[in-house]
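To start, the structure itself, in structure tokens.
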Amino acid sequence: MNQAEHFEQARLKLYEELKEYEDANIDEECLEELADILELAYELGKMHGASFEEMNAIRAEKRERKGGFEKGLFLEEVLE
């Protein structure tokens, strides 16, 4: 499989894992699907040129700048 095919397959697998997470009914299943999603996120990040550490640094910086999701608040629109 060439690099472009690998990238496309990883993207498709991410959608599949998201669907499996949506369909999961118990915490154990949800956690397993979330672990798969994380694995794919890090692999896709690597394909875009970022290491595991760089991905976590980007996540932390965004969280610091924009906040996290723990309060249940989600940004719906950004006005320029």
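Counting heavy atoms from C-beta outward, Leu12 and Phe7 have side chains that stay 4.5 Å or more apart.
For the pair Glu54 (side chain) and Ser51 (backbone), a donor-acceptor distance under 3.5 Å is present. In terms of modelled atom types and a separation under 3.5 Å, the side chain of Glu5 and the main chain of Asn2 share a donor-acceptor contact.
Expressed to the nearest 0.5 Å, how far CG of Asp36 lies from CG of Leu31 amounts to 11.0 Å. The CD1 atom of Ile26 lies 8.5 Å from the CD atom of Glu32; values are rounded to the nearest 0.5 Å. Interatomic distance, Cys30 SG to Glu20 CD, rounded to the nearest 0.5 Å: 11.5 Å. The distance from the NZ atom of Lys13 to the CD atom of Glu43 is 13.5 Å, given to the nearest 0.5 Å. A distance of 6.5 Å separates NE2 in His6 from CE in Met1, rounded to the nearest 0.5 Å. Note: Leu14 CG to Ile37 CD1 = 6.5 Å, rounded to the nearest 0.5 Å.
Transitive grouping of hydrophobic side chains (ILVMFWY, heavy atoms separated by less than 4.5 Å) brings Met55 and Leu38 into a common cluster.
For CD of Glu22, the number of neighbouring non-hydrogen atoms (other residues, nucleotides, ligands) closer than 6.0 Å is greater than 12. Summarising the local packing, CG of Asp27 is surrounded by 12 or fewer heavy atoms from other residues, nucleotides or ligands at distances under 6.0 Å. More than 12 heavy atoms of other residues, nucleotides or ligands shown are found within 6.0 angstrom of CD on Glu61.
For Lys19 and Glu16, the salt-bridge test fails: no basic side-chain N is under 4.0 Å from an acidic carboxylate O.
Tyr21 pairs by the ring pair (Phe, Tyr, Trp, His ring centres under 6.0 Å) definition with nothing, not counting sequence neighbours.
Closest non-hydrogen pair, Met47 versus Ala10, comes out as CE-CB, 4.0 Å.
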